[in-house]
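Quick note: numbers below take in every heavy atom, side chains included, and nothing from hydrogens, waters or symmetry partners.
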Amino acid sequence: MLKFTPLIQKKHRYELEEVKHPNLMREQFPYSDVPRILFEDKYVTPSPASEIWITDTTFRDGQQARPPYTPEHIVHLYDLMHKLGGPNGVIRQCEYFVYSKKDREAIEGCMALGHQYPEITGWIRANADDFRIVKTLGLKETGILTSVSDYHIFLKLKKTRRKVMDDYLGTVKEALSNGIIPRCHFEDITRADIYGFVLPFAEELMKLSQQSGIPIKIRLCDTMGYGLTFPGAVLPRSVPKLAQAFNKELGVPSQQLEWHGHNDFHKVHINAVTAWLHGISSLNASLIGFGERTGNPPLEGAIIEYIGLKGRANGIDTTVITEIANYYREVIKAEIPENYPFVGAECNTTRAGIHADGILKNPEIYNIFDTQKILNRPIKVMVTDKSGVAGITQWLNDYLKEHNMDHEPLNKRHPGVRNIYDWVMEQYAQGRTSSISSDEMIAQAKHHVPSMFESDFQKVKKAAVEIGKKLAAKLCHAKEILTLDPKIMEKFISETVRNEPSIQFVAITNRDGKQLTQVHTQRGDKGLFRPLFDVDFKEKEWFRNVINTGEAYWSDLFFSRFTNRLIMTFAEPIRDNKGNIVAVLDVDFKFDDLTKLVNQLPDNQQ
């Protein structure tokens with residue numbers, strides 16, 4: 001919970017400047033031309049807040065840039081943000097719309113998770129009636145739209161500065177009377193009259209904060225992305241001077257100040273971090289930077305910057321960044337630029353051959369940090385005509401590692417690598433302009449380095465083994481088998497063999513290898529197995545293996561000497577209720593019939 005810090009009294013009071021006409025600052029914002037960047041001989045020294053943190057607007061501003069999230073999306077993303085920010089509240093708060101049924105369903109779903117952080121807050125218009133919704137939802141804080149530029153006051157709201165300020169203060173008083181912390185969103189502050197309206201309004205808010213004992217917060221909203229970090233840049237565009245005006249001149253405590261930016265001029269991230277460095281504690285961000293028009297500060301970027309500035313993670317789990325990115329791609333179906341920092345599919349992929357050669361020697365040469373450790377993403381290379389033999393080798397080795405293949409790493413001298421390189425260069429000699437796709441590389445690797453891959457037969461065989469193991473285990477654990485009553489087992493096994501054509505032979509023995517039941521086969525095959533009717537199985541490999549290891553056993557493929565069919569043997573220990581082996585089950589499966597089950601038999605029926 002934010003501790004209340006009283007306003008630091010200053011020597012002078014800021015007076016509201018009432019004007020008849022809007023101050024549109026045409027010297028900086030000509031509209032018919034690119035905005036001007038003006039400078040003065042006045043500089044601000046960095047003075048970082050004693051504590052910094054991140055707040056999130058994914059479910060408010062972030063929803064204004066894309067199709068709405070479902071309540072399920074919101075609850076899952078909120079849970080991931082909790083894991084990302086950790087138990088110390090590095091991601092301190094999330095804000096939500098509160099008006100629709102879906103908005104409220106999402107809020108209630110997030111609350112049900114019981115997380116302390118991020119704290120759930122609301123966002124409303126400057127309307128006293130909306131506080132009833134906030135209070136009903138049990139929220140302790142809400143954002144309130146309080147636009148501060150003459151563009152909004154005169155051109156949008158059609159009011160005077162005095163009228164707007166009185167309306168805003170009335171709404172804030174309503175929030176205080178309901179015991180709700182108001183967070184006033186100073187919309188369009190980088191086009192506003194800082195000393196003629198913004199600071200006089202902020203000073204009135206701080207007076208109310210002192211009187212009520214409730215820490216009224218102020219969000220500095222760079223709505224159009226005009227903010228600048230350049231030394232000597234003038235107000236209202238200078239981020240350092242805006243932070244100084246509130247924190248040092250007016251005396252608003254750092255923990256009651258928040259920066260919210262937009263990326264219209266490619267400065268959204270650096271502006272937000274600059275606010276941190278000049279006395280503003282809270283950086284408002286959005287996942288993947290999704291936000292109105294060009295977007296907000298990317299939350300994952302703020303997380304990385306936080307660790308860089310603080311020199312420690314403070315409970316952050318950076319690998320969750322990749323989980324979030326995958327959820328956006330795979331579930332929400334949101335498009336993320338492939339080269340977007342930290343989350344793009346190719347953010348740590350290199351195409352240049354000289355870079356790939358460096359990566360082969362040492363990944364630190366061309367990787368920003370250990371992306372495998374920090375983001376759970378191994379460094380990758382993309383194959384083009386610039387990749388060279390080294391790049392192709394790196395791609396193949398990455399593929400081996402990513403798919404957990406049991407194969408020695410390849411080197412640049414492997415003849416298959418050289419053959420693939422020759423094919424790649426021929427593609428570009430014929431006029432190709434796109435990079436080589438993964439599917440193409442896999443096809444070339446299968447042809448030139450077939451040892452990398454399992455054959456289709458090996459895949460089918462592996463799948464058949466899994467099916468056979470499940471069927472044998474299910475048979476072994478059937479309640480009829482566990483009785484060890486020959487009559488009950490005989491009937492059950494007979495029905496099982498009749499219903500499962502992949503079974504060729506079933507036998508159950510005691511610990512000495514002697515049969516507890518007659519052997520069972522498919523109808524018409526029994527005469528072929530006459531030599532096994534009275535056989536002692538104690539010397540059979542499957543029996544000895546189960547007794548000696550206490551584990552299930554399965555054989556490789558072999559041809560049955562009785563039927564000449566291709567079969568596999570599976571054996572399972574049968575245990576009593578104390579875990580002791582009391583019998584052994586042997587099942588021979590016909591391979592052809594077993595493979596038919598690979599794509600047909602659901603798990604709950606195996």
Is it the case that over 12 heavy atoms from other parts of the model lie below 6.0 angstrom from the [atom1] atom of [X]?
X	atom1	answer
Lys102	NZ	no
Gln64	CD	yes
Glu364	CD	no
Lys538	NZ	no

Exercise for the section: For the pair Asn499 and Glu495, evaluate side chain to side chain donor-acceptor pair (under 3.5 Å) and give the outcome as yes or no after the intermediate values. Expected result: CA-CA 6 Å; Asn499 293 327; Glu495 291 175 355; 5.8 Å; no

If we count only N and O atoms by modelled type, under 3.5 Å, do the side chains of [X] and [Y] hold a donor and an acceptor together?
X	Y	result
Ser451	His407	yes
Glu541	Asn545	no
Thr322	Asn376	no
Tyr306	Asn314	yes
His82	Gln116	no
His260	Asp61	yes
Gln444	Glu440	no

Would you mind checking if [Y] and [X] are paired as a salt bridge, meaning a charged N to carboxylate O distance below 4.0 Å?
X	Y	value
Asp317	Lys83	no
Arg293	Asp264	yes
Arg565	Asp525	yes

Using modelled atom types only, decide if a donor and an acceptor are shared between the side chain of [X] and the backbone of [Y] within a distance under 3.5 Å.
X	Y	result
Glu338	Cys347	no
Ser555	Thr569	yes
Ser286	Pro298	no
Thr318	Ile374	yes
Asn367	Asp370	no
Arg377	Ala345	yes
Gln522	Ile503	yes
Asn271	Lys267	yes
Asn296	His262	no
Arg92	Gly89	yes

Handout entry: cation_pi(Arg561, Phe558) dist<6.0 Å, angle<=45
Key =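 Relative to the ring axis of Phe558, which defines the angle, Arg561 lies outside at least one limit.
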
Exercise for the section: Apply salt bridge (Lys or Arg N to Asp or Glu O under 4.0 Å) to the pair Lys596 and Asp592, showing each step before the final yes or no. Expected result: CA-CA 7 Å; Lys596 294 175 184 177; Asp592 284 348; over 6 Å; no

Practice task
In sequence, state the C-alpha distance, the side-chain angles, and the governing distance for Arg418 and Ile392, and then conclude on side chain to side chain contact (heavy atoms under 4.5 Å, CB included).
Solution key: CA-CA 9 Å; Arg418 173 58 65 175; Ile392 291 169; over 6 Å; no

Problem - Residue pair Glu572, Val584: steps toward the side chain to side chain contact (heavy atoms under 4.5 Å, CB included) verdict - result: CA-CA 6 Å; Glu572 286 269 350; Val584 178; over 6 Å; no

Problem - Full working for side chain to side chain donor-acceptor pair (under 3.5 Å) between Gln515 and Thr509 - result: CA-CA 4 Å; Gln515 296 179 34; Thr509 75; over 6 Å; no

For a quick test of reading the model, state the closest non-hydrogen atom pair linking [X] to [Y] and the distance between them.
X	Y	result
Ala472	Phe570	CB-CB, 4.0 Å
Val383	Tyr428	O-OH, 4.0 Å
Glu335	Phe290	O-CZ, 3.9 Å
Leu283	Ala302	CD2-CB, 3.9 Å
Tyr78	Pro118	OH-O, 2.7 Å

Practice task
Might you work through the side chain to side chain contact (heavy atoms under 4.5 Å, CB included) test for Val239 and Ile270, ending with a clear yes or no?
Solution key: CA-CA 10 Å; Val239 178; Ile270 192 60; over 6 Å; no

Practice task
Using side-chain hydrogen bond (donor to acceptor under 3.5 Å, both in side chains) as the criterion, point out the one residue from Asp588, Thr563, Asp593 that pairs with Gln504.
Solution key: Thr563

Problem - Worked verdict on Lys526 versus Gln518 for side chain to side chain donor-acceptor pair (under 3.5 Å) - result: CA-CA 11 Å; Lys526 194 158 189 175; Gln518 64 174 317; 2.7 Å; yes

Exercise for the section: Would you check, one step at a time, whether the test side chain to side chain contact (heavy atoms under 4.5 Å, CB included) holds for Tyr117 with Asn88? Expected result: CA-CA 8 Å; Tyr117 299 114; Asn88 299 318; over 6 Å; no

Problem - Arg60 side chain near Tyr96 side chain, heavy-atom distance below 4.5 Å - result: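 They are not in contact (no side-chain heavy atoms under 4.5 Å apart), so the answer is no.
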
Problem - Leu400 vs Met452 side-chain heavy atoms within contact, under 4.5 Å - result: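 Touching, per the 4.5 Å side-chain cut-off.
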
Problem - Worked verdict on Asp556 versus Lys461 for salt bridge (Lys or Arg N to Asp or Glu O under 4.0 Å) - result: CA-CA 9 Å; Asp556 203 346; Lys461 178 182 170 184; 2.5 Å; yes

